[in-house]
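Worksheet for the structure shown next.
Scope of the values below: all heavy atoms of this structure, side chains included, with no hydrogens, waters or symmetry mates.
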Amino acid sequence: MTVTDTPRTGSTLNEAQREAVEHGTGPLLVLAGAGSGKTRVLTSRIARLVQLGMARADQILAVTFTNKAAREMKERVARQLGYEPRGMWLGTFHAIGARIVRSNASLVGRTPSFTIYDESDTLGVVKRLMDRHRISTKTYAPRLVSATISEARNALVSPKEYASLALTPLAKALAPLYAEWDAAFVAANAVSFDDLLWLPVALLTANADARDRLQRQFAHVLVDEYQDTNRAQYELIKLISSGERNVCAVGDDDQAIYGWRGADVRNILDFERDFPAARVVRLEENYRSVPQVLELANVVISENRERRGKTLRATKPAGEQVTLIGALDDRDEAEAILEEVSGRRGRGDISLGDVAVLYRTNAQSRTFEEALRRHGVPYRLVGAVRFYDRREIKDLVSWLRLIANPSDIEALTRAIASPRRGVGEATVELIIAGAREAGISVLDACVNEQVIAGARPVTKKALADFVGIIRRMQVIAADASVDRLLADLVTTIGFVESLRSEPDGDERIENVGEMIRGAAEVVIDEGGEVGLRPLDRFLQQATLAAGVDQMGPDADVITLMTLHTAKGLEFPMVVIAGLEDGLFPLSRSFDDPERLEEERRLLYVGITRAERTLVLTWARSRRRNGELIQSRLSSFITPEAEQLLAVRQTARLRASARALGTQRGMGRPDSWESGSFGADLPRWRPDPKREHALDVEDQSQDTPSFATGERVTHKRFGSGVIEALSGNGRDAKVTVRFDDAEIGTKKLVIAFAGLERGMD
């Protein structure tokens, strides 16, 4: 597996690439097809600007979407120049936003040592606001409230505008909460993840001096993955680049797959409207895939109407035909995929590390995992709980955050209970309220006699000890490296001892050691960021780390992941599973043309991940939500697309077709044309009662999935049977009746339970 879109043809640029790299001044849009070398164009253009003296490094702003992409771009620019350019701003949107806010902290009501709240911290703010306004969490889930405000934030809808537009019961209930949103974060000297975009846009819109300063600083602005920008990101780029108008946007409208989280494909479709007289360059030569894969990709995406239009052309020689396999059910599908991989592996065509199985929803992984376990085939599931989302890591990070920022309310709430020290939730809420009323930090409130006057002596002692630890660590943090600070902290608070009593304590202790080792690698770059101590740098990296950034080194194992997770990656062999109407495309897209086109773009992204071999699969029936549902081949596989495929069926499907008296039973049967094949099959529909399209299949790509009745094994409690499931995402829980009568039935958080499937 590799993560590069660059050509393999040496140092020369093709004609279109050279046109983009050598473009002088003025706006430039580079429509970069999959595998067409967009990263090379970006880095070559940056290097050329510096080499020819068209701009100093500190006059260049380059923005991308992942830390991995930013690191790769920085390394490539350094290699091309022969040295690392100092002062260039190159990073993710949120990292750049954090830098702008930190440089202008006083203008947005913060200090440079503000805290970046992650999702769970922001949920803490939401719950506190809901409690203050007497809104029951049973009426509106805090995650729904948080996601709704996040959408408004990223769409740049102000609290006042939100209130004026509030028509539904949910919106009307949320308007007072949103009105107090900014004040809650200012009081904690914190920003939400969305604020890293909201605040820079608000600042540059309202403050002419700050806007002019940034516009003068950056003579050239380059943006990667422009098709994935949301309203806030789009406005930020416009504000910064409206001076010189030397903006270079690189992207692919055919790979715009994040509309469900606010990205707007119209930003790239309407680029010339925003930047008149822009030059448009199309990169259509593909250096990744064989012609057969690209031919299918071109046919599939041509069905979309909202696109700028381009045709991928292969530079590789002809390869094998794309295969479409029909299976009887999802278990038969998994076995067919394994058989396909095993056969090619036996011939020496591939290794396991060459193979990726991609699917539309995370729930599909369970069947594949079971089959791989049965056959003893090693695999890795990309999208498991991220390192910095693990409970013990978040606990330690909360301590570090409080050391860096004594006003951090959510950090105090978590740190004071990790390990537990006899300070209850009621006391913590008393401290938070007292800090707000007295206008002091929550840390100072812990030892303020007026605030804690009613607390018991033992509680006052515990609070004093807690504050004493934080104060000592603040002194150490002024000069010490983060790994030394962490090691001292872990020892002082007895953190390892507290973990030993837990069922999976050994694994958690290993994670703590890994965190300390990782902290040793933290260094201050030479970018000149304001107020960034080693501790500040570490906390920013820990908060902004993306799931794909945590992927380890390649191993000889099959990779399982969702199609969204696969974007930006490539594999010698790709399997796209579950190509059935209602699953891919998802049923809710049938009534929404824009969403249906995005689903088709997602298939296009999956197809273009394949370098040499592409296999598509579908099943006549599939178990979903505990019910066996009859299926039909995805409407994305049009007759024109099917003509490009080598169509096969499994032995079980052939036998089933014979039993039913049909002749084909695969692909597009004779009865398909008459509309009778699968015509009576129900389509899944979203619940019309939901006020907010917060879809579990989109929002919970990283959560393991289980089913009721499934046998599982726990490291401490042994084997048992799943009786119930509840919750979503990282809050998903499972109720297990264990075989040992003394243990009985227990409710566990799936993300931390470490359950194994079907093992004794």
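A salt bridge between Asp228 and Arg261 is absent, with no side-chain N of the basic residue lying under 4.0 Å from a carboxylate O of the acidic one. For the pair Glu580 and Arg620, the salt-bridge criterion is not met [side-chain N within less than 4.0 Å of a carboxylate O]. Residues Glu599 and Arg595 are not paired through a salt bridge, judged by the lack of any N-O separation under 4.0 Å between the basic side chain and the carboxylate.
A donor-acceptor contact closer than 3.5 angstrom is absent between the side chains of Gln255 and Tyr604.
In this structure, the salt bridge (Lys or Arg N to Asp or Glu O under 4.0 Å) partners of Glu335, at least two apart in sequence or on a different chain, are Arg374. In this view, Arg737 and Glu723 satisfy the side chain to side chain donor-acceptor pair (under 3.5 Å) rule, not counting sequence neighbours. Lys310 is linked by a side chain to side chain donor-acceptor pair (under 3.5 Å) to Asp252, Asp254, counting only residues two or more places apart in sequence or in another chain. Evaluation of the salt bridge (Lys or Arg N to Asp or Glu O under 4.0 Å) rule for Arg652 yields Asp329 as partners, not counting sequence neighbours. For Ser302, there are no side chain to side chain donor-acceptor pair (under 3.5 Å) partners at least two apart in sequence or on another chain. Here Glu320 pairs with Arg344, Thr613 under the side chain to side chain contact (heavy atoms under 4.5 Å, CB included) rule; sequence neighbours left out. In this structure, the side chain to side chain donor-acceptor pair (under 3.5 Å) partners of Glu333, at least two apart in sequence or on a different chain, are Thr617, Arg622. By the ring-ring contact (aromatic ring centres under 6.0 Å, His included) test, Tyr258 is found to be paired with His564, residues two or more places apart in sequence or in another chain being considered. Glu285 meets the side chain to side chain contact (heavy atoms under 4.5 Å, CB included) test with Asn14, Tyr287, Arg313, Thr315; sequence neighbours excluded. For Leu645, the side chain to side chain contact (heavy atoms under 4.5 Å, CB included) partners at least two apart in sequence or on another chain are Leu296, Val322, Leu324, Leu616, Ile637, Val647. With sequence neighbours excluded, the residues forming a side chain to side chain contact (heavy atoms under 4.5 Å, CB included) with Thr64 are Ala69, Ala70, Met73, Asp224, listed by chain and number. Residues satisfying the salt bridge (Lys or Arg N to Asp or Glu O under 4.0 Å) criterion with Arg308, sequence neighbours excluded, are Glu272.
Asp556 CG to Ser351 OG: the interatomic distance, rounded to the nearest 0.5 Å, is 4.5 Å. Going from atom OG of Ser635 over to atom CG of Leu596 covers 6.5 Å, rounded to the nearest 0.5 Å. Taking CZ from Arg380 and CG from Leu372, the interatomic distance works out to 13.5 Å, rounded to the nearest 0.5 Å.
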**Message:** Apply side chain to side chain donor-acceptor pair (under 3.5 Å) to residues Thr43 and Gln80 and explain how you reach the verdict.
**Reply:** CA-CA 8 Å; Thr43 54; Gln80 291 188 52; 3.2 Å; yes
**Request:** Please lay out, stage by stage, how Asn298 and Thr311 fare under the test side chain to side chain donor-acceptor pair (under 3.5 Å).
**Result:** CA-CA 6 Å; Asn298 289 329; Thr311 301; 5.2 Å; no
**Item:** Worked verdict on Glu598 versus Arg601 for salt bridge (Lys or Arg N to Asp or Glu O under 4.0 Å)
**Value:** CA-CA 5 Å; Glu598 181 163 315; Arg601 291 195 292 267; 3.8 Å; yes
**Residues Gln227, Glu225; criterion side chain to side chain donor-acceptor pair (under 3.5 Å); working and verdict** = CA-CA 5 Å; Gln227 78 280 352; Glu225 305 286 7; 2.7 Å; yes
**Prompt:** When you look at Arg648 and Glu340, which way does the salt bridge (Lys or Arg N to Asp or Glu O under 4.0 Å) test go after all the steps?
**Reply:** CA-CA 12 Å; Arg648 299 211 312 264; Glu340 190 77 12; 2.5 Å; yes
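Side-chain atoms of Ser621 come within 3.5 Å of backbone atoms of Leu328 as a donor-acceptor pair (strictly under, hydrogens ignored). Checked by atom type and distance alone, the side chain of Lys316 pairs as donor or acceptor with a backbone atom of Arg288 at under 3.5 Å. Counting only distance, with no hydrogens or angles, the side chain of Asp581 and the backbone of Ser631 share no donor-acceptor pair below 3.5 Å.
Checked options Asp354, Thr559, Leu614; the residue passing with Phe571 is Thr559 (criterion: side-chain contact (heavy atoms from CB on, under 4.5 Å)).
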